[in-house]
Asks: 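First, the structure itself, so that you have it in front of you.
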Amino acid sequence: MADKGGKSAITPREQDYPQWYQDVIREADLAEPAKVVKGCMVIKPYGYAIWEKIQRNLDGRFKDTGHVNAYFPLLVPQSFITKEAEHVEGFAPELAVVTHAGGEQLEEPYVIRPTSETIIGHFFAKWISSHRDLPMLVNQWANVMRWELRTRMFLRTTEFLWQEGHTAHASHAEAREEVERMLHVYGDFARDVMAMPVIRGIKTDSERFAGAVETWCIEAMMQDGKALQAGTSHDLGQNFGKAFDVKYQTEEGVLDYVWQTSWGVSTRLVGGVIMAHSDDGGLVLPPQLAPIHVAIIPIYKSDEQRESVMAAANALKERLSAIDISPPRARWRDFITVEIDDRDLRPGAKFYHWERRGVPIRIELGPKDLEKGQVCVKMRIPTAAGEGKEFLATDAFIDGVQARLATYQSELLRLAQARQEAKTIHLDTWDEFLKTFEGDSSLFAWCHWDGTAQTEAEIKAATKVTIRCVPLPGQGPEPEPGVCIKSGKPSKQRVLMAKAY
RNA sequence: CGGGGCGUAGCGCAGUCUGGUAGCGCGUUCGGUUCGGGACCGAAAGGUCGGAGGUUCAAAUCCUCUCGCCCCGACCA
């Protein structure tokens with residue numbers, strides 16, 4: 001592990017935010033660039049454990065809303081991609097194509113899926129014939145590949161893991177309910193599990209998914225004020241239904257095309273959770289996603305001490321590991337995960353080790369504690385759940401540990417919300433706008449916009465700022481008429497502007 | 001694809017200009033002393049210097065070609 005002179009190997013955020021992000025990932029042992037495969041990453045066990053927790057939780061939410069899992073091929077016939085005009089245009093530049101297999105050139109190349117609307121459309125056409133087959137509510141957990149020109153670990157890699165929900169409905173209204181429902185599944189998950197506040201809204205035409213009628217999204221603010229598109233939910237209208245001939249017989253007996261949706265979140269969420277909470281000491285994780293909740297550091301000198309301290313540490317681990325911290329109505333059980341660090345290192349080195357990895361609770365357990373029947377507790381960051389070293393009676397600590405984790409979780413959300421609010425402003429003049437977004441700086445700005453793609457493009461060209469979304473009701477300022485910050489033309493409401501990842 | 005940078009031990013780098021036995025820090029291994037906030041001492045292992053060709057008595061170093069990666073722009077979950 002890289003170590004700069006025995007001190008922190010993590011670049012402070014103030015000094016170089018992107019470097020800080022890379023350092024946190026390396027020092028927490030979450031992932032590393034694959035190097036031998038351009039733009040790809042290796043997700044290491046500790047990083048993958050976070051993804052597994054994200055998966056498990058979301059998967060339960062999808063099933064709670066009536067969806068079932070399925071799996072479709074990685075390779076998609078090239079001709080499929082070209083069937084929906086906007087879809088090709090959007091994805092053609094970033095496709096990886098398989099032209100040879102089995103030592104022969106293929107008659108028709110396959111593309112490695114960048115997303116699966118096309119091949120799933122093909123199968124929906126086979127599976128759906130009647131309104132009785134609808135709605136069809138399918139999700140797949142998969143990897144996809146997009147040949148991005150610029151990559152960043154977790155946030156944008158050539159290959160990434162995600163889930164993609166694909167549904168077909170008998171009416172546009174029903175499909176739109178689905179789009180909204182799933183957006184809120186994402187938004188609630190971000191808030192309640194990731195402790196990451198998000199703005200829920202609708203994309204402008206230029207930011208819309210290629211082939212969609214409308215794209216709904218959640219946008220999160222990272223600590224540098226930039227926005228991260230954390231999840232999307234698309235109203236596909238009948239676009240793919242028409243392209244893949246997905247027709248069904250209505251109750252009245254006439255043929256119509258189905259109304260489809262698709263929605264997805266990816267391993268980008270891991271990048272989001274890293275940036276939402278971590279500090280210059282490394283990773284900070286919300287307990288609901290932390291692979292390890294408690295690290296116990298045994299303290300001893302002699303062999304006799306080691307024996308008694310380790311016995312106490314194991315007993316403590318056993319008691320903590322029996323505590324069920326599953327969310328209400330979860331389809332799975334989650335228990336407090338405890339790691340006893342008995343490596344032959346000095347305690348100080350171990351403290352830093354677990355802090356870099358974002359373990360919420362650290363316990364020091366030494367001979368003095370055994371005598372007094374207490375534990376020394378230190379939380380990863382100071383919150384209402386506790387700060388500094390606390391010396392607590394062992395039983396009292398165990399009785400309160402679940403509440404302690406819950407408080408820590410909600411405090412992370414509160415802190416993230418406070419950061420977001422501090423960096424969210426209203427802007428009304430182009431001069432202020434330029435000043436605000438000068439150089440590399442960014443924050444969330446609610447601004448009036450005339451609703452034209454041209455103005456949007458001009459703003460982006462001048463400042464790299466994009467319209468992140470038009471907020472859903474309650475997600476931004478109350479709609480009130482005004483004038484566009486750039487063109488001065490009339491505007492119906494403020495939209496969210498920021499630089500994005 | 002345009003602009004810039006870099007490939008030397010597991011990681012981070014020096015050495016290249018001016019050719020002459022391949023080095024440093026961290027990490028690793030072994031032994032000992034340590035141990036409630038990043039320990040110290042001693043010993044050891046570990047490299048066909050990205051690849052190919054050329055110049056030379058001699059190439060990490062000079063020349064030609066090539067491969068790859070990173071950063072900055074245009075594209076994006």
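Just so you know, these numbers come straight off a predicted model, no measurement behind them. Note: hydrogens, waters and symmetry copies are ignored here, and every other heavy atom, side chains too, is used. Each chain gets a letter, A, B and so on, in the order its sequence line appears, and its residues count up from 1.
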Asks: Ignoring hydrogens and geometry beyond distance, is a side-chain donor-acceptor pair present between A:Trp20 and A:Gln22 at under 3.5 Å?
Replies: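 Short answer, no.
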Asks: Across all strands, who's sitting opposite B:rU64 as a Watson-Crick or G-U wobble pair, both distances under 3.5 Å?
Replies: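 B:rA52 - that is the nucleotide pairing with B:rU64, both distances being under 3.5 Å.
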Asks: Report yes or no: is the cationic atom of A:Lys83 (NZ for Lys, CZ for Arg) under 6.0 Å from the centre of the six-membered ring of A:Phe80, at an angle within 45° of the ring normal?
Replies: yes
Asks: Does any residue of residues 304-315 of chain A have a heavy atom under 4.0 Å from RNA chain B, and if so, which ones, in number order?
Replies: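 Listed by number, there are none.
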Asks: Has A:Tyr352 got its ring stacked on the base of B:rG38, with centres under 5.5 Å and planes less than 30° apart?
Replies: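 Yes; centroid distance and tilt both under limits.
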Asks: Less than 4.0 angstrom between a side-chain N/O of A:Lys464 and OP1 or OP2 of B:rG73, yes or no?
Replies: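 For B:rG73, OP1/OP2 do have a side-chain N/O of A:Lys464 under 4.0 Å.
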Asks: A:Glu390 CD to B:rG37 P: how many Å, rounded?
Replies: 17 Å
Asks: How many whole angstroms separate atom NE2 of A:His353 from atom P of B:rG38?
Replies: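 Interatomic distance, NE2 of A:His353 to P of B:rG38: 16 Å.
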Asks: So does A:Glu364 get a backbone contact from the side chain of A:Lys378, meaning a donor-acceptor N/O pair under 3.5 Å?
Replies: no
Asks: Distance check, C1' atoms only: B:rU55 and B:rC13, in whole angstrom units.
Replies: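 That atom pair is separated by 30 Å.
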Asks: Using purine N1 to pyrimidine N3 plus N6-O4 or O6-N4 for Watson-Crick, or N1-O2 and O6-N3 for G-U wobble, each under 3.5 Å, what pairs with B:rC24?
Replies: B:rG12
Asks: Please answer whether B:rA77 and A:Phe160 are stacked, defined here as ring centres separated by less than 5.5 Å and planes angled under 30°.
Replies: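 Yes; by the centre-distance and plane-angle rule, A:Phe160 counts as stacking on B:rA77.
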Asks: State which residues pass side chain to side chain donor-acceptor pair (under 3.5 Å) with A:Arg152; sequence neighbours excluded, sorted by chain then number.
Replies: none
Asks: Quantified in whole Å, what is the P atom distance between nucleotide B:rC26 and nucleotide B:rA39?
Replies: 13 Å
Asks: Answer yes if the side chains of A:Glu339 and A:Trp354 hold a donor-acceptor pair under 3.5 Å, and no otherwise.
Replies: no
Asks: Do A:Lys389 and B:rG37 have a side chain to base donor-acceptor pair shorter than 3.5 Å?
Replies: yes
Asks: Please identify each residue that fulfils ring pair (Phe, Tyr, Trp, His ring centres under 6.0 Å) with A:Phe124, with sequence neighbours left out.
Replies: none
Asks: On RNA chain B, check which nucleotide each of A:Gly348 and A:Gly90 is closest to and give me the residue with the more 5' one.
Replies: A:Gly348
Asks: Would you say the side chain of A:Glu364 and the base of B:rG37 hold a donor-acceptor pair, judged only by whether the two atoms sit under 3.5 Å apart?
Replies: no
Asks: What distance, rounded to whole Å, do you find between the two P atoms, one in B:rU16 and one in B:rG50?
Replies: 15 Å
Asks: Between B:rG37, B:rG36, B:rA77, which one does the side chain of A:Lys378 approach most closely?
Replies: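 Ranking B:rG37, B:rG36, B:rA77 by closest atom to the A:Lys378 side chain puts B:rG37 first.
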Asks: Cationic tip of A:Arg61 within the cone over A:Phe189's six-membered ring, i.e. under 6.0 Å and within 45° of the normal?
Replies: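 Not satisfied by the 6.0 Å and 45° rule.
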Asks: Rounded to whole angstrom, note down the P distance from B:rG3 over to B:rG12.
Replies: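 One P to the other, the span is 27 Å.
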Asks: Tell me which nucleotide among B:rG36, B:rC75, B:rA77 gets nearest to the side chain of A:Asp369.
Replies: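 Among the listed nucleotides, the one closest to the side chain of A:Asp369 is B:rG36.
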Asks: If we call it a pair only when both distances are under 3.5 Å in a Watson-Crick or G-U wobble match, what pairs with B:rA43?
Replies: B:rU29
Asks: The side chain of A:Arg362 lies closest to which of these nucleotides: B:rG36, B:rA77, B:rG37?
Replies: B:rG37
Asks: From CH2 of A:Trp147 over to P of B:rA77, roughly how many Å is that when rounded to an integer?
Replies: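 To the nearest whole Å, that distance equals 18 Å.
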Asks: By side chain to side chain donor-acceptor pair (under 3.5 Å), which residues pair with A:Gln260, not counting sequence neighbours?
Replies: none
Asks: Distance alone, cut at 3.5 Å: any donor-acceptor contact between the side chains of A:Gln229 and A:Lys203?
Replies: yes
Asks: Which value, in whole Å, describes the distance between the C1' atoms of nucleotides B:rG37 and B:rG10?
Replies: 27 Å
Asks: Applying salt bridge (Lys or Arg N to Asp or Glu O under 4.0 Å), run through A:Glu458 and A:Lys486 and close with a yes or a no.
Replies: CA-CA 8 Å; A:Glu458 283 172 15; A:Lys486 182 72 170 65; 3.6 Å; yes
Asks: Assuming nearest nucleotide by heavy-atom distance, tell me which of A:Thr267 and A:Cys40 is located more 5' along RNA chain B.
Replies: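 Looking at RNA chain B, the more 5' nearest nucleotide goes with A:Cys40.
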Asks: Compute both the distance and the angle, then confirm whether A:Arg146 meets the cation-pi test with A:Phe91: under 6.0 Å from the six-membered ring centre, within 45 degrees of the axis.
Replies: no
Asks: By a strict heavy-atom criterion of less than 4.0 Å, which residues belonging to residues 289-302 of chain A are in contact with RNA chain B?
Replies: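 Correct list: A:Ile299, A:Tyr300, A:Lys301.
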Asks: Round to a whole Å and report the spacing from CG of A:Asp341 to C1' of B:rG36.
Replies: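 After rounding, the gap between these two atoms is 14 Å.
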Asks: For B:rC69, which nucleotide in any strand shown is its Watson-Crick or wobble partner with both distances under 3.5 Å?
Replies: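 Matched B:rC69 with B:rG5 under the 3.5 Å cut-off.
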Asks: Please report the distance separating the P of B:rU21 from the corresponding atom of B:rA58, rounded so that it comes out in whole Å.
Replies: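 15 Å, rounded to whole Å.
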Asks: Roughly how far apart, to the nearest Å, are B:rA74 and B:rC67 at atom C1'?
Replies: 25 Å
Asks: B:rA59 pairs with which nucleotide, Watson-Crick or G-U wobble, both distances below 3.5 Å?
Replies: none
Asks: Go through B:rG37, B:rG38, B:rU34 for me and flag the one nearest to the A:Asp344 side chain.
Replies: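 When the side chain of A:Asp344 is considered, B:rU34 is the closest of B:rG37, B:rG38, B:rU34.
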Asks: In chain order, what residues pass the salt bridge (Lys or Arg N to Asp or Glu O under 4.0 Å) check against A:Lys53, with sequence neighbours excluded?
Replies: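 Testing A:Lys53 for salt bridge (Lys or Arg N to Asp or Glu O under 4.0 Å), a comparison that skips the adjacent residues, returns A:Asp334.
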Asks: With rounding to the closest Å, how many angstrom separate the P atoms on B:rA60 and B:rA52?
Replies: 13 Å
Asks: If B:rU34 has a Watson-Crick or G-U wobble mate with both distances under 3.5 Å, name it; if not, just say none.
Replies: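 No nucleotide pairs with B:rU34.
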Asks: In whole angstroms, how far is the P atom of B:rC75 from the CG atom of A:Leu155?
Replies: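 Rounding to the nearest Å, CG of A:Leu155 and P of B:rC75 are 18 Å apart.
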